[in-house]
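So the structure is just underneath, and the comments pick up after that.
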Amino acid sequence: MRIREESLLKETRYHLRSGLLVGRPIWLPQGRDCHSPRTGTDLRMGRVAEILLGVCWLLVVLSSAHGQTRPSAGSAFVTVRSVDFDGTDSIPLSVTQIAQQRILAAAFTQSELVSQSTGWLRKVLYSYGYMEAVVDPPSVKPAEGRGGVVLRFHVEPGERYYISGLAVGGTKALAAQEIRDLIPFHPGDPVDGEKLDLALREIRRLYACSGYLDADPQLSENYHRATRTLFFTVQMHEGDQYNIASVKVLGLDAALADKLITLPDLQPNSVFSECRIREAIHSLWPAGGSSSEPSFGIRAERQLTPQKIDVVIDFSVGQTTQEELHAQSSLQQYWIRAEEIRCELRESLKRKSPTPCDFSKEWAV
């Protein structure tokens with residue numbers, strides 16, 4: 001149990017902190033206890049992410065205490081203060097900076113520090129085309145004055161691989177060329193893992209705008225050592241298209257709400273497209289008009305009926321986006337679970353609990 005949660009913590013902490021450090025949307029791990037939609041969710045919510053990270057820490061600490069186990073010396077977490085490299089003169093500075101950020105953002109136990117930090121560096125170099133890089137285990141020295149450690153790696157990067165071509169397959173709902181146009185690579189370009197990740201994200205968004213909420217582009221690669229090139233294939237798994245079952249409007253006067261639900265993109269059985277719905281709603285408030293354009297959020301609630309969506313459009317004061325609402329709901333559940341564990345811990349230690357073990361109302365968001 002504790003091993004599983006430590007693994008969860010390390011992955012969540014990396015995704016959250018790396019997103020915050022470099023100013024990109026935060027990508028939460030898929031299907032994990034600390035966030036469990038079917039697919040990952042882009043969040044531009046630094047505060048919620050930091051709190052969620054704290055909750056993950058709390059669950060790990062409380063579950064360990066609940067089991068009345070003491071962590072061994074090798075399981076103590078180590079803070080990496082700085083990361084240096086030898087032999088990386090031929091590697092672009094931007095790539096080594098990404099490697100530094102990811103190692104600094106990760107959480108390592110003392111026993112896994114050397115092996116896992118080496119693995120992170122190899123993974124970054126591989127994603128940027130250094131397929132034959134040799135990474136020696138780092139030297140580890142105590143950081144001066146602040147605690148933690150300093151890592152120094154010796155790297156033999158080898159030759160960088162370049163892109164020989166890219167193919168797109170499995171497309172039915174959209175033209176393959178539409179997908180290809182979102183991938184900013186051409187033959188002769190260097191491999192760039194960050195650009196590739198962003199392209200895959202844009203592909204998912206394009207499909208979502210056409211009602212394919214579960215579309216998943218699968219990437220495979222073939223590398224040719226003789227020519228130092230990589231050929232990429234993006235195989236689409238489009239999934240099903242979702243249609244609108246019902247529409248509910250909150251926080252808007254009746255006349256405007258009635259006008260809004262007559263929009264063609266909000267009719268029952270029409271394809272659910274948040275992109276088109278937003279554009280249609282924005283068109284009701286022309287730029288420069290007398291009334292200011294209100295903010296609103298759109299929630300897509302899946303029905304038990306396959307491929308059906310209940311759409312909730314919320315103009316309420318203080319409403320949030322669909323991603324924020326999902327994160328708030330998840331955050332509420334984790335606080336509830338944390339309190340339940342704490343309550344169980346008190347009972348296991350035979351202390352009187354001042355409140356019953358039901359915190360669903362106390363922690364309502």
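All values derive from a computational prediction rather than experimental measurement.
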Inset, instruction - Would you sort out whether Ile309 and Leu213 count as a side chain to side chain contact (heavy atoms under 4.5 Å, CB included), showing the intermediate values? - result: CA-CA 11 Å; Ile309 289 290; Leu213 305 184; 4.0 Å; yes
Inset, instruction - Take Ile298 and Val312, measure what side chain to side chain contact (heavy atoms under 4.5 Å, CB included) needs, and give me the verdict at the end. - result: CA-CA 6 Å; Ile298 297 176; Val312 180; over 6 Å; no
Legend entry - Test log, rule side chain to side chain contact (heavy atoms under 4.5 Å, CB included), inputs Leu250 and Ile313: CA-CA 6 Å; Leu250 305 176; Ile313 305 172; over 6 Å; no
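Side-chain contact between Leu151 and Asp84 is absent, with no heavy atoms from C-beta onward closer than 4.5 Å. The closest side-chain heavy-atom distance from Leu252 to Leu260 is below 4.5 Å. Using a 4.5 Å heavy-atom threshold, the side chains of Pro92 and Val95 count as touching. Looking at heavy atoms from C-beta onward, Tyr162 lies out of side-chain contact with Asp189 at the 4.5 angstrom threshold. Between Val134 and Val155 the shortest side-chain heavy-atom distance does not fall below 4.5 Å. Side-chain contact between Ile281 and Leu263 is present, with heavy atoms from C-beta onward closer than 4.5 Å. Residues Ser164 and Pro187 are not in side-chain contact: their nearest non-hydrogen atoms beyond the backbone lie 4.5 Å or more apart. Residues Arg228 and Glu132 form a side-chain contact, since some pair of their non-hydrogen atoms from C-beta on lies under 4.5 Å apart.
When only modelled atom types and interatomic distance are considered, Asp216 and Gln218 share a side-chain donor-acceptor pair under 3.5 Å. Remark: the Gln267 side chain and the Ser270 side chain contain no N/O donor-acceptor pair separated by less than 3.5 Å. In this structure, a donor-acceptor pair under 3.5 Å is absent between the side chains of Tyr130 and Arg122.
Cluster membership check: Val114 does not share its hydrophobic cluster with Val150, using side-chain heavy-atom separations under 4.5 Å among Ile, Leu, Val, Met, Phe, Trp and Tyr.
Distance check, rounded to the nearest 0.5 Å: CD of Gln116 to OG1 of Thr118 gives 10.0 Å. Interatomic distance, OG of Ser220 versus CG of Asn222, reported as 6.0 Å (0.5 Å rounding). With values rounded to the nearest 0.5 angstrom, Glu159 atom CD is found 10.5 Å from Thr227 atom OG1. From Phe231, atom CZ reaches atom CD of Glu221 across 12.5 Å, with rounding to the nearest 0.5 Å. In this structure, NZ on Lys259 lies 11.0 Å from CG on Asp253, to the nearest 0.5 angstrom. For the atom pair NZ (Lys195) and OG (Ser127), the distance works out to 13.0 Å, reported to the nearest 0.5 Å.
The pair Arg81-Glu144 does not meet the salt-bridge criterion, since no charged nitrogen lies less than 4.0 angstrom from a carboxylate oxygen. One finds a salt bridge joining Asp214 and Arg302 here, because a Lys/Arg side-chain nitrogen approaches an Asp/Glu carboxylate oxygen to under 4.0 Å. A salt bridge does not link Lys248 with Asp310: every distance from a Lys NZ or Arg NE/NH1/NH2 to an Asp or Glu carboxylate oxygen is 4.0 Å or more.
Remark: Asn243 engages Val271, Lys308 in a side chain to side chain contact (heavy atoms under 4.5 Å, CB included) (not counting sequence neighbours). Partners of Ser210 under the side chain to side chain donor-acceptor pair (under 3.5 Å) rule, at least two apart in sequence or in another chain, do not exist in this structure.
In this structure, the ring of Tyr242 has its center no less than 6.0 angstrom from the ring center of Phe272. Close placement of the His282 and Phe296 rings is indicated, their centers lying within 6.0 Å of each other.
Panel note: side chain Arg278, backbone Cys275; no donor-acceptor pair is recorded below 3.5 Å. Proximity of a side-chain donor or acceptor of Ser273 to a complementary backbone N or O of Arg276 within less than 3.5 Å is detected. A donor-acceptor pair is defined here as one N or O able to donate and one able to accept, closer than 3.5 Å; such a pair exists between the side chain of Gln100 and the backbone of Val83. Asp181 places no side-chain N or O within donor-acceptor distance of the main-chain N or O of Glu178, the cut-off being under 3.5 Å. In this structure, Arg160 contributes its side chain and Tyr128 its backbone to a donor-acceptor pair below 3.5 Å.
Its side chain within the 4.5 Å cluster rule, Tyr126 clusters with Met131, Tyr161, Ile163, Leu166, Val168, Leu174, Ile179, Leu182, Ile183, Phe185, Val191, Leu196, Leu200, Ile203, Leu206, Tyr207, Tyr212, Leu219, Tyr223, Leu230, Phe232, Val234, Met236 among the Ile, Leu, Val, Met, Phe, Trp and Tyr residues.
Closest heavy-atom contact between Ala215 and Arg204: O-CG, 3.9 Å. In terms of heavy-atom proximity, Arg299 sits nearest to Glu301 at NE-OE2, 3.6 Å. The two atoms that bring Ala245 and Pro268 nearest to each other are O-CB, 4.3 Å, heavy atoms only. In terms of heavy atoms, Ser117 sits closest to Phe153 at OG-CZ, 3.7 Å. Closest approach of Gly251 and Phe315 over heavy atoms only: O-CB, 3.5 Å.
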